[in-house]
Enquirer: 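Provided herewith is a single structure, encoded as structure tokens, for subsequent inquiry.
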Amino acid sequence: MKKILLLCMALIGSLLLVAGCGGNTASKDGGSDKAKVLKVATNADFAPFEFQGADGKEYQGFDMDLIRALGKEMGMQVKIDNISFDGLIPALQTGNIDVAISGMSINDDRKKKVAFSDPYYEAGLTIMVKADNNNIKSFKDLQGKKIAVQIGTTSATEAKKIPNAEVKELNSSADTFLELKAGNVDAVINDKPVNDYYKVKNSDDSVKRIGEKLTLENYGIAMNKDNTELVKNLNEALKKLKANGEYNKIYKKWFGTDAPAAT
Ligand code: ARG
């Protein structure tokens with residue numbers, strides 16, 4: 001009997017303790033701490049901007065370092081989710097996430113749906129072909145050819161404009177490279193830094209890059225149009241990182257050179 005009583009008392013005691021703790025946390029950091037989480041989404045298959053490291057633990061890349069630095073600057077805790085590229089804008093529109101940073105090019109079509117930060121990187125589209133392909137030397141040579149692109153990207157939009165081209169839309173840029181190497185397509189179109197990183201990082205002699213750049217595209221961080229406060233804060237933080245050298249440090253880490261003066 002005594003034993004049972006003791007057990008009951010211990011049980012009640014621990015219940016009170018748990019309740020007490022719960023109450024404490026709620027009152028201590030309740031609403032304010034919640035508001036400090038910055039919900040970020042990206043499509044982490046786009047090196048060197050966002051990709052999963054070999055250990056599979058942390059998302060790496062220029063965008064990932066940048067958003068963490070921006071979050072720190074704004075005093076916010078950054079939580080990153082990996083979703084499909086064509087799911088980013090819908091996730092912003094429904095308010096499931098606060099920002100999308102994913103090498104996303106600012107363009108008029110997207111500006112109708114989301115707000116963008118100031119530009120943070122200048123890219124553009126290039127072609128990659130098999131090393132032994134001597135027919136494709138520029139974009140105009142892609143007419144009637146099989147081309148792999150990532151779904152929902154500016155590469156996909158541009159590829160579809162090429163007369164008689166057969167466009168294969170795949171889930172990631174990594175998939176476009178696989179398709180090229182397998183000989184299933186004649187060419188891939190991707191953002192220049194992504195083609196460059198793939199070629200150099202893998203020292204892949206079986207593919208070659210075509211120098212011509214089809215477009216000039218500026219990357220921006222996308223947010224919900226109604227979130228004007230966040231757009232303002234993020235732009236201010238970005239300006240600070242550019243002024244205090246932090247942006248340049250991240251740029252140098254991933255691209256090996258100083259950031260161009262304009263960015
Ligand atoms: N810059 C291109 C676009 O905005 C491609 C971006 C793809 N990004 C990614 N993380 N997969 O459409």
Side-chain angles (χ1 to χ4, degrees), residues 29 31-107 110-111 113-121 123 150-154 171-174 191 193-194 197 217-242 244 246-247 249-251 253-255 259 263:
D29 43 44
S32 66
D33 231 32
K34 245 191 194 161
K36 279 189 178 164
V37 173
L38 184 66
K39 282 191 266 168
V40 177
T42 191
N43 175 233
D45 212 339
F46 199 63
F49 294 94
E50 42 265 338
F51 58 102
Q52 219 145 0
D55 59 3
K57 271 193 216 133
E58 253 199 352
Y59 298 117
Q60 297 183 10
F62 177 77
D63 285 351
M64 301 297 94
D65 284 350
L66 184 62
I67 197 65
R68 287 190 185 106
L70 287 167
K72 200 167 161 206
E73 187 61 45
M74 295 190 293
M76 296 178 91
Q77 191 194 330
V78 173
K79 283 242 163 71
I80 302 173
D81 257 333
N82 182 16
I83 69 175
S84 69
F85 187 73
D86 57 355
L88 292 170
I89 289 182
L92 286 170
Q93 288 177 310
T94 55
N96 280 348
I97 56 168
D98 301 316
V99 310
I101 183 162
S102 202
M104 192 183 283
S105 307
I106 304 170
N107 63 33
R110 290 173 180 161
K111 274 205 270 189
K113 301 173 190 153
V114 291
F116 279 102
S117 69
D118 293 335
Y120 69 87
Y121 184 90
Q150 184 185 8
I151 195 163
T153 60
T154 47
N171 281 328
S172 69
S173 57
D191 293 37
V194 171
Y197 191 84
E217 302 180 12
N218 276 308
Y219 290 173
I221 302 166
M223 287 159 276
N224 187 293
K225 276 195 165 190
D226 296 333
N227 211 345
T228 46
E229 184 73 14
L230 183 62
V231 176
K232 190 175 129 259
N233 292 343
L234 201 88
N235 277 333
E236 265 168 27
L238 184 59
K239 276 204 188 86
K240 267 207 189 126
L241 297 188
K242 284 185 180 177
N244 70 13
E246 183 68 20
Y247 172 90
K249 214 167 96 188
I250 299 171
Y251 193 99
K253 171 176 167 191
W254 291 102
F255 304 108
T263 50

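For this chain, numbers begin at 1 and follow the sequence in order.
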Enquirer: Can you name the residues that form a side chain to side chain contact (heavy atoms under 4.5 Å, CB included) with Asp65, not counting sequence neighbours?
Expert: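 Applying side chain to side chain contact (heavy atoms under 4.5 Å, CB included) to Asp65 gives Arg68, Ile250, Lys253, Trp254.
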
Enquirer: So, do Tyr219 and Phe49 have ring centers that fall under 6.0 Å from each other?
Expert: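 Aromatic pair counts; centres sit under 6.0 Å.
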
Enquirer: With heavy-atom distances below 4.5 Å as the criterion, would you say the side chains of Asp98 and Met223 are in contact?
Expert: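 The answer is no, as the side chains (C-beta and beyond) never meet within the 4.5 Å cut-off.
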
Enquirer: Please confirm whether the backbone N or O of Arg110 pairs with a side-chain atom of Asn107, one donor and one acceptor, at under 3.5 Å?
Expert: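 Answer holds: yes.
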
Enquirer: Are Tyr59 and Phe51 an aromatic pair by the rule of ring centers under 6.0 Å?
Expert: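 No, ring centres 6.0 Å or more apart.
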
Enquirer: I'd like to know if the side chain of Asn96 and the backbone of Ala91 have a donor-acceptor N/O pair within less than 3.5 Å.
Expert: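 Judged by distance alone, no pair lies under 3.5 Å.
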
Enquirer: Is any side-chain heavy atom of Leu230 closer than 4.5 Å to a side-chain heavy atom of Val99?
Expert: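 Of all side-chain heavy-atom pairs linking Val99 with Leu230, at least one is under 4.5 Å.
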
Enquirer: How many angstroms lie between atom CZ of Phe85 and atom CD of Glu50, to the nearest 0.5 angstrom?
Expert: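 Reported value, rounded in 0.5 Å steps: 8.5 Å.
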
Enquirer: Judged by modelled atom types alone, do Tyr121 and Asp63 share a side-chain donor-acceptor pair under 3.5 Å?
Expert: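 Judged by distance alone, the side chains do not pair up.
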
Enquirer: Check Asn82 against Ala44 and note the closest heavy-atom contact, atom names and distance.
Expert: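 Nearest heavy atoms, Asn82 then Ala44: OD1-N, 2.8 Å.
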
Enquirer: With sequence neighbours left out, which residue pairs that include part of residues 221-231 fulfil the side chain to side chain donor-acceptor pair (under 3.5 Å) condition?
Expert: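 Not a single pair qualifies under side chain to side chain donor-acceptor pair (under 3.5 Å).
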
Enquirer: How long is the straight-line distance from CG of Asp118 back to CD1 of Ile106, given to the nearest 0.5 Å?
Expert: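 If I round to the nearest 0.5 Å, the distance is 8.0 Å.
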
Enquirer: Below 4.5 Å, heavy atoms only, C-beta onward: do Ile67 and Leu38 meet side chain to side chain?
Expert: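 The answer is yes, as the side chains (C-beta and beyond) meet within the 4.5 Å cut-off.
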
Enquirer: Counting N and O atoms only, with roles assigned by atom type, does the side chain of Asp45 sit under 3.5 Å from a partner on the main chain of Ala174, one being a donor and the other an acceptor?
Expert: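 No, because the side chain of Asp45 does not come within donor-acceptor range (under 3.5 Å) of the backbone of Ala174.
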
Enquirer: Pair Ile221, Tyr120 - check side-chain contact (heavy atoms from CB on, under 4.5 Å), show working.
Expert: CA-CA 8 Å; Ile221 302 166; Tyr120 69 87; 3.7 Å; yes

Enquirer: Is it true that, when you exclude Asn171 itself, more than 12 heavy atoms of the residues, nucleotides or ligands shown sit nearer than 6.0 Å to its CG?
Expert: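 Not buried by this count: 12 neighbours or fewer within 6.0 Å.
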
Enquirer: If you compare all heavy atoms of Glu217 against all heavy atoms of Ser105, which two are closest, and at what distance to 0.1 Å?
Expert: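 Glu217 and Ser105 have their closest heavy atoms at OE1-OG, 2.6 Å.
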
Enquirer: Looking at every non-hydrogen atom in both residues, tell me the closest pair between Ser173 and Val194 and how far apart they are.
Expert: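 Nearest heavy atoms, Ser173 then Val194: OG-CG1, 3.9 Å.
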
Enquirer: Measure the spacing between CD1 of Ile80 and OG1 of Thr42 and express it to the nearest 0.5 Å.
Expert: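 Separation between the atoms: 7.5 Å.
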
Enquirer: Which heavy-atom pair separates Asp86 from Gly152 by the least distance, and what is that distance?
Expert: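 Residues Asp86 and Gly152, closest heavy atoms: CB-CA, 4.4 Å.
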
Enquirer: Report the distance from atom CG of Asn218 to atom OG of Ser117, rounding to the nearest 0.5 Å.
Expert: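 The distance works out to 10.0 Å.
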
Enquirer: Are Leu70 and Leu238 side-chain neighbours, meaning at least one heavy-atom pair lies under 4.5 Å?
Expert: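 Touching, per the 4.5 Å side-chain cut-off.
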
Enquirer: Check this for me: does any side-chain nitrogen of one of Lys239 and Glu236 sit under 4.0 Å from a carboxylate oxygen of the other?
Expert: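 Here Lys239 does not pair with Glu236 in a salt bridge, since their nearest N and O are not under 4.0 Å apart.
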
Enquirer: Does Asn43 offer a backbone N or O that forms a donor-acceptor pair with the side chain of Ser102 under 3.5 Å?
Expert: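 Side chain of Ser102 to backbone of Asn43: a pair is present.
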
Enquirer: Minimum heavy-atom separation for Asp191 to Ala123, with atom names?
Expert: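 The answer is OD2-CB, 4.3 Å.
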
Enquirer: Under 4.5 Å between any side-chain heavy atoms of Glu73 and Lys240, yes or no?
Expert: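 Yes - at least one pair of side-chain heavy atoms lies under 4.5 Å apart.
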
Enquirer: What verdict does the side-chain contact (heavy atoms from CB on, under 4.5 Å) test give for Met74 and Leu234, after you've listed the backbone C-alpha separation in whole Å, the side-chain angles of each residue and the deciding distance to 0.1 Å?
Expert: CA-CA 7 Å; Met74 295 190 293; Leu234 201 88; 3.3 Å; yes

Enquirer: Any side-chain heavy atom of Met104 sitting closer than 4.5 Å to one from Phe116?
Expert: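 Of all side-chain heavy-atom pairs linking Phe116 with Met104, at least one is under 4.5 Å.
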
Enquirer: Could you tell me which residues satisfy side chain to side chain contact (heavy atoms under 4.5 Å, CB included) with Lys113, sequence neighbours excluded, listed by chain and number?
Expert: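 For Lys113 the side chain to side chain contact (heavy atoms under 4.5 Å, CB included) partners, ignoring immediate neighbours, are Ile89, Gln93, Asp109.
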
